[in-house]
Amino acid sequence: MKRFIFFITLSILSTSLFAQDEVIKTKFIESGTIHESVDANSSIVIHFKRNQKCIVLEYSGQNTYKVKYDEVLGYVGDEFLDITESMMDLFYDYEEREMQKLIAEEENRQKKIREIVERKAQRIKDSIAKIEEEKRKKALAIERAKALKEQRIKDSIAKVEEVKRLKELERQRLAALKEKRRLDSIAKVQEELRRIEMEKEAARQRAEALKEQRRLDSIAKAEAEAQRQLERQRELERQRLAALKEKRRLDSIAKVQEELRRIEREKEAARQRAEALREQRRLDSIAKAEVEAQRQLERQRELERQRLAALKEKRRLDSIAKVQEELRRIEREKEAARQRTEALKEQRRLDSIAKAEAEAKRQLERQRELERQRLAALKEKRRLDSIAKVQEELRRIEREKEAARQRTEALKEQRRLDSIAKAEAEAKRQLERQRELERQRLAALKEKRRLDSIAKVQEELRRIEREKEAARQRAEALKEQRRLDSIAKAEAEAKRQLALQRALEKQKKEALDAKRRLDSVAQVKELEKQKLASELELARRQLKVLKEKQLRDSIAKISATKQQQLRDVALQQHNLGEDKNQQKLESKQREIEERLKFRDSCHYQINEYDKFYNLRTIRTEAYAIAEHLTVELYKQGLKTNVFFNLSKNDLGCASYLPNQRSSVKVTLENGQVVSFYHSWDIECGNFMFKANLSKAKILSLLKYPIRSILLKGTNDSLEITRIDYKEFFMDKLKCIE
């Protein structure tokens with residue numbers, strides 16, 4: 001091995017001495033400057049012009065040659081020189097020296113890799129011990145979580161029971177309040193009945209006091225008048241009873257229909273609430289909550305059905321009681337009318353015509369008093385009736401007033417005004433009481449809904465807690481899985497590094513064996529091509545591994561994002577009523593933002609770091625800057641290139657040969673021309689031009705947009721003046737910094 005290295009070193013030294021003894025002459029193909037050092041930004045030593053001759057001393061790397069021009073030494077880029085075979089030999093000698101350095105560095109690096117692998121194996125053992133410890137801790141944490149979950153379930157059950165107890169107490173309180181109001185109403189009705197009985201007794205006593213006086217009145221005239229009054233009274237009573245019967249029948253039908261409609265509405269509302277509740281509970285993941293919700297719904301329906309049945313039965317009994325009370329009142333009025341008729345008959349028999357007129361006035365007064373008593377008895381009934389019933393009662397009063405008008409025209413206006421005033425006051429009172437009842441009903445309904453909302457919110461909070469717990473467990477499981485995957489990846493990476501190390505050692509031995517057999521520059525070039533092919537294959541494998549890793553990371557990110565979206569789905573609402581002008585404006589704004597984002601972003605085909613050669617390789621996407629013309633930026637280590645790709649117009653090949661070297665000249669807006677020369681292999685077919693990109697050219701391209709581009713191939717040239725993306729170099733050169 002040592003002899004072989006000595007032989008290679010001796011051959012390199014002899015080649016270098018031979019290269020130094022040989023004088024290599026060439027000429028400049030473009031006007032330019034010679035710099036003091038390899039750096040293009042170093043100070044300028046001398047200027048030269050096209051076709052002037054110079055002597056090439058050595059190749060200094062970075063596409064730069066050391067030359068002697070006009071007795072001045074300096075450095076110049078290969079794009080200014082006419083490349084000869086001797087200069088290519090200098091280039092390959094330089095590459096050979098660099099290769100030897102890389103081999104020595106690789107041996108040192110392999111030694112370090114072996115040490116790193118050994119340390120890594122030790123770390124893996126330590127990691128396995130830590131994993132076992134974490135598993136034990138995780139098992140303890142799971143046990144604690146289970147115990148905590150059981151405690152939370154017990155607490156939730158206790159809270160539910162407490163809510164049920166509070167609801168039951170509230171229901172009992174409402175029932176007691178309702179019973180108290182019913183008893184108060186009954187007490188008020190009984191008090192009103194006692195007052196009516198006392199008024200009747202006073203009226204009876206007044207009637208008895210007048211009875212003796214009326215007995216002395218004219219009997220003959222009183223009998224005839226009494227007969228006519230009795231007939232009219234009977235006719236009016238019959239009409240009133242018929243109207244009252246018809247009104248009650250219609251009221252009963254209307255009440256039944258209204259009650260049926262209300263029941264239907266309540267059923268529909270209950271059905272909608274049940275559907276909404278079922279839909280909400282269908283989305284829950286816990287079967288126990290669904291069963292509990294179903295039981296709650298059944299109990300609610302049963303309570304609603306019992307409430308409706310009790311309400312219906314109460315209304316039926318109230319209607320029967322009201323009808324019986326009305327019949328008793330009619331019987332009492334008939335008895336009173338009969339008694340009044342007998343008294344009037346005796347009185348009119350004795351009274352004169354004048355007394356009969358006075359008696360008629362007094363009779364009207366008594367009838368008004370009886371009417372007032374009847375209206376007072378109907379007061380409680382009207383309180384529960386609607387405005388329509390009040391209006392019907394007013395029409396009935398109007399009919400009775402018409403009958404009374406026939407008895408006395410003089411009292412008609414006064415009676416009508418009194419009745420209307422009383423009816424309006426009663427209607428107002430009825431309306432106020434109805435509003436108060438409606439307000440109380442709405443308040444009770446609001447309280448019920450509040451309690452239902454509290455129960456729903458509590459149920460939703462419990463559901464959210466369960467989902468959080470499940471999400472936390474999934475996250476822990478995912479974290480554990482990722483940790484295991486990382487360990488597996490580390491082990492696989494260690495194995496891959498060992499395999500790669502063995503393969504590289506094998507390749508190195510094969511390369512050294514092949515080098516021993518090399519005897520010409522052509523064989524060296526072939527070896528270089530094989531080496532580049534192996535490097536490309538290695539880069540492709542590394543890129544594939546990197547893409548697989550990125551794919552797995554993307555899947556994990558998508559899963560986490562999906563979980564977040566499920567939790568935040570209620571936060572997203574949009575306005576669908578925007579007009580067309582606003583939509584166009586927003587569309588233009590989005591296009592501008594997307595364009596600015598595109599200009600400010602970098603898009604890569606390759607962006608990776610090669611640990612073996614200690615090089616970073618960057619290659620951007622192919623950006624379209626004109627019709628059929630795309631541009632790519634490429635950087636490997638310190639070397640920077642630009643690629644121009646023309647898909648149409650046959651310009652021939654892209655050649656680096658001096659007699660037909662291809663070029664691209666970019667004219668900027670300030671009139672400056674930046675020239676590029678093809679420096680890679682000959683490319684035929686589509687015009688695929690590849691040139692070096694120096695720091696001086698980068699500084700020029702960063703200052704001004706593109707005005708036009710002139711492309712020259714082996715067959716033809718093409719100038720493009722319509723540039724779509726003039727700011728390409730200003731925007732994208734930062735992507736390879």
Side-chain angles (χ1 to χ4, degrees), residues 155-189 255 258-284 286 288-318 380 383-387 428-465 570:
D155 294 342
S156 300
I157 294 170
K159 288 181 181 178
V160 170
E161 295 296 331
E162 181 65 18
V163 170
K164 287 182 181 179
R165 188 181 66 79
L166 292 174
K167 285 185 178 179
E168 183 63 24
L169 291 175
E170 184 66 17
R171 187 186 63 77
Q172 293 176 2
R173 187 181 68 79
L174 293 174
L177 182 62
K178 187 175 180 182
E179 181 66 19
K180 181 176 180 299
R181 288 176 179 171
R182 188 180 67 81
L183 294 175
D184 292 342
S185 300
I186 293 172
K188 287 180 181 179
V189 171
K255 283 182 179 179
E258 180 64 25
E259 183 66 20
L260 290 174
R261 284 194 296 271
R262 190 185 64 78
I263 292 169
E264 288 297 326
R265 287 194 299 270
E266 291 180 354
K267 284 182 179 179
E268 181 64 22
R271 186 184 65 77
Q272 292 177 358
R273 290 194 301 272
E275 288 179 357
L277 187 60
R278 283 197 300 272
E279 182 64 19
Q280 181 64 29
R281 288 169 179 164
R282 186 180 65 79
L283 298 175
D284 293 340
I286 300 175
K288 186 176 180 180
E290 293 179 355
V291 173
E292 182 64 23
Q294 190 65 26
R295 287 201 298 271
Q296 288 287 347
L297 183 62
E298 292 297 329
R299 285 197 295 271
Q300 186 176 0
R301 287 179 177 172
E302 181 64 22
L303 291 173
E304 186 70 16
R305 188 184 62 76
Q306 292 176 2
R307 187 183 68 79
L308 293 174
L311 181 62
K312 186 175 179 181
E313 181 65 20
K314 178 178 178 301
R315 288 178 178 171
R316 187 180 67 80
L317 293 175
D318 291 343
E380 183 64 21
R383 184 177 65 83
L384 301 174
D385 292 340
S386 63
I387 296 175
K428 287 181 181 178
R429 288 192 296 274
Q430 289 285 348
L431 185 60
E432 290 296 328
R433 284 193 292 272
Q434 189 174 1
R435 285 176 180 172
E436 180 65 21
L437 290 173
E438 184 66 18
R439 188 186 64 76
Q440 293 174 359
R441 188 181 69 80
L442 290 175
L445 182 61
K446 184 177 180 181
E447 181 65 18
K448 181 177 179 297
R449 286 176 179 171
R450 186 181 68 81
L451 294 174
D452 293 341
S453 299
I454 292 171
K456 287 181 180 178
V457 168
Q458 291 174 347
E459 180 65 25
E460 184 66 18
L461 289 174
R462 288 193 294 273
R463 186 184 66 78
I464 291 170
E465 287 295 328

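Position 1 is the first residue of the sequence; numbering continues from there.
- Separation of atoms CD (Q172) and CD (E170) is listed at 10.5 Å; rounding is to 0.5 Å.
- Of the charged side-chain nitrogens involved, none lies within less than 4.0 Å of a carboxylate oxygen, so that R265 and E268 do not count as a salt-bridged pair.
- Here L183 pairs with E179 under the side chain to side chain contact (heavy atoms under 4.5 Å, CB included) rule; sequence neighbours left out.
- Between E168 and R165 no salt bridge is recorded (no basic side-chain N to carboxylate O distance below 4.0 Å).
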